[in-house]
Amino acid sequence: MTHNISEYKDVWVFIEHDSGKIEHVSLELLTKGRQLAKDIGCKICAFTVGDNVEIFSERLAEYGAEKFYFIESPVLKEYRTEPYRDSLLYLIEKYKPEIILIGATTLGRDIAAPLATKLDTGLTADTTALDIDFESDAKNLLMTRPTFGGNLMAVIYCPDNRPQMSTVRPGVFQATKNPINNIEKIREEFELLEDKIPKKILEKVKSDSDKVNLSFYDVIVAGGRGIGKKENIKLLEDLARTLGGTWAVSRKVVQMGWAPYSRQVGQTGQTVHPKIYIAAGISGAIQHLAGMKSSEIIIAINKDPQAPIFDIATYGIVGDAIEILPRLTQFFGNKLK
Ligand code: FAD
């Protein structure tokens, strides 16, 4: 089924939240969405549901949201797919946004697919770039994502159906403030009955896995298989702590069981763009680069002078990472005292 695309307008960003806090990726998408809305000549809007979400409007205005659509209900206190889907669907069907951006988080991925199915439109998952096709009359959204194991980038667009939907990887875009004074708040009512929802949340259990949002850090010290053994993760930790940053790894290191997946950078891990990315014992495979190549300064440490990581490095150190990492820790430890 094709839609009457002229009925759809504005860029909408889904505001993901947990325990009264907005997820950072939503602010990143508001920033990017602002630029897209300017390109198309429409408004940038935020939308969400929850039990107490109006409180977010001030922060959303700081990031330039012109309108904020929301539904509040005690039934929406904790995330469950069905009530979230139905209430979000109500907002989308009523106001018909042209573009919907959702963070490619666990929650975002869970909600985006049933929404797209119900709306009978396309969804591009895990997008890493967003642009407008100025050649097309409808100014279609061009959504780029890696494909074939990261060896090709596919540009996907959705010319006949609306909304154009995309989940976007956290950390791909920067979040920058652009305050506006008068955000328009649109509260909608949608009836939800707890009795009709089959899923119940009995207890929330905090995962003991080491969860970290790498994209929050300005300095990342990352290690690859070249660090040799699990115990050497400490060398990454020590340097990261000295520089006020955090540590990360390549997929090989996760596969070896030396570090949890939550520390992985790359195509199937997290995307980061810190001010400084130190890559120690990382060869520079395309799938790793996909997650860190937009870092401002890349310092590569590798004992192979031909390692591909040197092709994108700002500074390169040819040598043994096991020796060099502690020396850097000592050097900066003394300097920063
Ligand atoms: P290697 O490629 O084995 O490189 C080790 C490097 O360490 C070498 O360059 C070597 O010269 C150097 N070295 C060895 N000893 C020392 C030493 N003592 N001091 C200094 N240097 C030393 N990879 C990711 O990282 N993230 C992803 O998200 C990701 N997703 C993937 C998705 C798919 C579908 C596929 C197919 C692959 C993916 N990969 C990913 C894997 C990727 O292709 C590479 O295999 C991986 O990045 C290599 O990790 P590495 O650089 O640590 O190891």
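For ligands, and for the atoms within them, numbers begin at 1 and follow the listed sequence. For reference, positions follow the sequence shown, starting with 1.
- For Gly281, a nitrogen or oxygen atom sits less than 3.5 Å from a nitrogen or oxygen atom of ligand 1, counting backbone and side chain alike.
- Relative to atom 11 (O) of ligand 1, the option among Asn302, Ile309, Thr271, Asp320 with the closest non-hydrogen atom is Asn302.
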Would you give me the side-chain donor-acceptor pairs under 3.5 Å for residues 91-100, sequence neighbours excluded?
| residue | atom | partner | partner atom | Å |
| --- | --- | --- | --- | --- |
| Lys94 | NZ | Glu188 | OE1 | 3.3 |
| Lys94 | NZ | Glu188 | OE2 | 3.1 |
| Tyr95 | OH | Glu188 | OE2 | 2.4 |
| Lys96 | NZ | Glu93 | O | 3.3 |

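- The aromatic rings of Phe14 and Tyr84 sit perpendicular to each other, their planes meeting at more than 60°, with 30° as the lower class boundary.
- Across Leu142, Asn140, Asp39, a single residue satisfies side chain to side chain contact (heavy atoms under 4.5 Å, CB included) together with Ile132, and that is Asp39.
- Residue Gly224 approaches ligand 1 through these ligand atoms, each under 4.0 Å from one of its heavy atoms: 52 (O).
- Compare Glu323, Gln306, Arg251 by their heavy atoms: the one nearest to atom 31 (C) of ligand 1 is in Arg251.
- Under a 4.0 Å criterion applied to the non-hydrogen atoms of Asp304, ligand 1 contributes the atoms 11 (O).
- A heavy-atom separation below 4.0 Å is not found between Gly223 and ligand 1.
- Within the listing of ligand 1, atoms 19 (N), 20 (C) sit less than 4.0 angstrom from a heavy atom of Gly319.
- Using a 4.5 Å cut-off on side-chain heavy atoms (C-beta onward), Glu72 and Asp51 make no contact.
- Scanning for side chain to side chain donor-acceptor pair (under 3.5 Å) contacts around Asp10 gives an empty result, with sequence neighbours left out.
- Listed for the Thr121 side chain is no donor-acceptor partner under 3.5 Å among the backbone atoms of Thr117.
- When only interatomic distances are considered, the shortest N/O to N/O separation between Gly284 and ligand 1 does not fall below 3.5 Å.
- Of the residues listed (Phe70, Trp12, Tyr69), the one engaging Phe47 in a ring pair (Phe, Tyr, Trp, His ring centres under 6.0 Å) is Trp12, and it is the only one.
- Taking every non-hydrogen atom of Gly269 and a distance limit under 4.0 Å, the qualifying atoms of ligand 1 come out as 28 (O).
- Less than 4.0 angstrom separates some heavy atom of Ala285 from each of these atoms of ligand 1: 42 (C), 43 (O), 44 (C), 47 (O).
- Side-chain atoms of Val212 and Tyr217, non-hydrogen and from C-beta on, do get closer than 4.5 Å to each other.
- With Met292, Lys252, Lys303 as candidates, the residue nearest to atom 45 (O) of ligand 1 on a non-hydrogen basis is Lys252.
- Atoms of ligand 1 found under 4.0 Å from any heavy atom of Gln264 (numbered from 1 in listed order, with element): 26 (N), 27 (C), 28 (O), 29 (C).
- Heavy-atom proximity to Gly266, at under 4.0 Å, picks out these atoms of ligand 1: 26 (N), 27 (C), 28 (O).
- Between His288, Met256, Gln255, it is His288 that holds the heavy atom closest to atom 25 (O) of ligand 1.
- Atom CD of Glu58 sits in a sparse spot, with 12 or fewer heavy atoms from other residues, nucleotides or ligands closer than 6.0 Å.
- Phe68 is not listed as a side-chain neighbour of Ile186, based on a closest heavy-atom distance of 4.5 Å or more.
- The option with the heavy atom closest to atom 30 (N) of ligand 1, from among Thr268, Val265, Ile317, is Thr268.
- With ligand atoms numbered from 1 in the order given, ligand 1 contributes 27 (C), 28 (O) to contacts under 4.0 Å with heavy atoms of Gln267.
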